[in-house]
Amino acid sequence: MSKNIPSRRAFLKGAAATGAGLAASSAAAATPDPLITEVQPWASGLGDGVDATPYGLPIEFEDDVIRRNVEWLTADTISSINFTPIHALDGTITPQGCAFERHHSGAIELSKPDYRLMINGLVDRPLVFSYADLERFPRENHVYFCECAANTGMEWAGAQLNGAQFTHGMIHNMEYTGVPLRTILQEAGLDAAGDLKDKWVYVEGADASSNGRSIPMEKALDDVLVAFKANGEALRKEHGYPVRLVVPGWEGNMWIKWLRRVEVMDGPVESREETSKYTDTLEDGTSRKWTWAMDAKSVVTSPSPQAPITHGKGPLVITGLAWSGRGAITRVDVSRDGGKSWETARLAKPGEKMALTRFYLDTEWDGEEMFLQSRAMDETGYVQPTKTQLREVRGLNSIYHNNCIQTWWVRANGEAENVEVS
């Protein structure tokens, strides 16, 4: 048995000690628990019928598990972001209703009958597809994470936002159903494009911003998906209903929502979203561009500022998420002392390419303060860096692609705070 997984005997021993401590400090612990000894209202009558909620919704007791906005981050909510409550979720699949939103001109309403997708440019046959047309192509299912390039961006300047939802919540992980983009491009024919090595596609959405981005043909013909379902159901309006682009492992700005056009071109367009935005400004003022892949990253989601320890000393589950846009996560280490020493966490299941991986460190907490960190490694051998290591390469001017190690200071009372230990 792994040293990080307490045995059943050890767990029960710890629980018994905790219970004994509670009994010694509270006379109420010696009295019968009415939740056990008395018949409760929910057991005294009938519950809701099968049609009470035709589309199932979370129970009222979970009404705090919601996306949240930070009002001062943007001028208004039309071109803005909200955050996935990763601190309150477990497993890896993000419910659509909790998955973060990023809009450049607001979420639009576009019906399936009104939907069209145009394929043009250097193709043999320019084509226009309806939603019904797309459903007739062979489809695939894949689980991928989508991460905004600005996720954790506020933390470049130091500890800023107090909560995993706000520091790392511009991410979600869903199972997408759709048609490979290569299938649709092949339907239009690519002989007219000639040598594909130096060709690109330009993709844009149907909303007012269009949010156009250039994608190298190599990626377009690899794993890019034209998706119309997420987690088995239609996309939500805020996620691009009825059709969006899925670009596995690459920054979320390229996952064009309300996808309306794919143009095959000789080179990139150099649009606003890939020049003045979504580039990385370095210390000397120059900017890196075409930095699409999201490097290996992780965060402890509990304990964290929004998920403090409330049970006192004894058995403790430290958990979090890890991901990499360059492949599968192979290992996650956890430190309780700010990076001085590390323990290898348990992966809930083997890492999957370009998808979230859940990790656990099953341990004992002695009630002393901790400086919790996690450090991810992916199948390429890449190791998640400290903030100091990132700053040495990129300086302090960056906003995007911050994959540094995050620190939570957990106090003796179980409360946690965002701090910088770099």
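You'll find the ring centres of Phe83 and Phe166 inside the 6.0 Å limit. Annotation: Trp292 is not in aromatic contact with Trp255 [ring centroid separation under 6.0 Å not met].
Counting only distance, with no hydrogens or angles, the side chain of Lys199 and the backbone of Leu190 share no donor-acceptor pair below 3.5 Å. Between the Glu62 side chain and the Ile59 main chain, no donor and acceptor come within less than 3.5 Å of each other. With hydrogens and angles disregarded, a donor-acceptor distance shorter than 3.5 Å links the side chain of Asp133 to the backbone of Ser130. Formation of a donor-acceptor pair under 3.5 Å by the Arg139 side chain with backbone atoms of Glu135 is found in this model. Between the Ser302 side chain and the His87 main chain, no donor and acceptor come within less than 3.5 Å of each other.
When side chains are defined from C-beta on, Val70 counts as touching Trp72, because their heavy atoms get closer than 4.5 Å. Arg244 has its side chain out of reach of Leu259: every pair of non-hydrogen atoms, C-beta onward, lies at least 4.5 Å apart. At a threshold of 4.5 Å between non-hydrogen side-chain atoms, the residues Asn403 and Thr152 do not count as touching. Side-chain contact between Glu274 and Ser214: present, with at least one pair of heavy atoms (C-beta onward) separated by less than 4.5 Å. Looking at Thr77 and His103, their side chains never come closer than 4.5 Å, going by heavy atoms from C-beta outward. Side-chain atoms of Met254 and Ile215, non-hydrogen and from C-beta on, do get closer than 4.5 Å to each other. Between Leu185 and Met217 the shortest side-chain heavy-atom distance falls below 4.5 Å. Using a 4.5 Å heavy-atom cutoff, the side chains of Ser287 and Leu282 are not in contact.
Side-chain contact annotation: Asn82 with Arg68, donor-acceptor N/O pair under 3.5 Å absent. With hydrogens and angles left out, the side-chain atoms of Asn69 and Glu101 include no donor and acceptor closer than 3.5 Å. Residues Trp408 and Glu417 bring no donor and acceptor atom of their side chains to less than 3.5 Å of each other. In the model, Asp90 has a side-chain atom that pairs as donor or acceptor with a side-chain atom of Tyr360 under 3.5 Å. Under the 3.5 Å distance criterion, with hydrogens and angles disregarded, no donor-acceptor pair is assigned to the side chains of Asn151 and Asn402.
In this structure, Glu109 places its CD atom where only 12 or fewer heavy-atom neighbours from other residues, nucleotides or ligands lie under 6.0 Å away. By the neighbour-count criterion of 12 heavy atoms within 6.0 Å, atom CD of Glu369 is densely surrounded, having more than that number from other residues, nucleotides or ligands.
Phe359 pairs by the ring-ring contact (aromatic ring centres under 6.0 Å, His included) definition with nothing, not counting sequence neighbours. A search for ring-ring contact (aromatic ring centres under 6.0 Å, His included) contacts involving Phe129 returns Phe137, not counting sequence neighbours. Remark: Glu140 pairs with His142 by the side-chain hydrogen bond (donor to acceptor under 3.5 Å, both in side chains) rule, at least two apart or across chains. A search for ring-ring contact (aromatic ring centres under 6.0 Å, His included) contacts involving Tyr115 returns nothing, not counting sequence neighbours. Applying the ring-ring contact (aromatic ring centres under 6.0 Å, His included) rule to His401 yields no partners; only residues at least two apart in sequence or on another chain are considered.
At a threshold of 4.0 Å, the pair Arg213-Glu273 does not count as salt-bridged, since none of the basic side-chain nitrogens sits closer than that to a carboxylate oxygen. Between Glu270 and Lys289 there is a salt bridge, with a side-chain nitrogen of the basic residue lying less than 4.0 Å from a carboxylate oxygen of the acidic one. A salt bridge links Glu147 to Lys297: one of the charged nitrogens lies within less than 4.0 Å of a carboxylate oxygen. Ion pairing between a basic and an acidic side chain is recognised when a charged N comes within 4.0 Å of a carboxylate O; Asp333 and Arg375 show such pairing. Remark: Arg331 does not engage Glu379 in a salt bridge, criterion side-chain N to carboxylate O under 4.0 Å. With respect to the salt-bridge test (charged N to carboxylate O, under 4.0 angstrom), the residues Arg391 and Glu420 qualify. Ion pair Asp366/Lys313 not flagged as a salt bridge, since none of the NZ, NE, NH1 or NH2 atoms sits closer than 4.0 Å to an Asp/Glu carboxylate oxygen.
Here side chain to side chain donor-acceptor pair (under 3.5 Å) pairs that include residues 166-192, with residues two or more places apart or in two chains, are Asn141-Thr177.
Distance CD1/Ile184 to CG/Leu134: 5.0 Å, rounded to 0.5 Å. The CG atom of Asp280 sits 11.0 Å away from the CG atom of Asn397 when rounded to the nearest 0.5 Å.
The side-chain tip of Arg411 points at the ring of Trp409 from less than 6.0 angstrom away and within 45° of straight on.
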Determine whether Arg346 and Asp362 satisfy the following criterion, salt bridge (Lys or Arg N to Asp or Glu O under 4.0 Å), listing intermediate values before the conclusion. CA-CA 8 Å; Arg346 170 174 60 90; Asp362 307 300; 2.8 Å; yes
Go through it in stages, so that I can follow the logic: the residues are Thr279 and Arg288, the test is side chain to side chain donor-acceptor pair (under 3.5 Å), and I'd like the CA-CA distance, side-chain angles, deciding distance and then a yes or no. CA-CA 6 Å; Thr279 53; Arg288 306 188 310 172; over 6 Å; no
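Paired with Arg336 under the rule side-chain hydrogen bond (donor to acceptor under 3.5 Å, both in side chains), one option of Gln373, Glu368, Glu343 passes, and it is Glu343.
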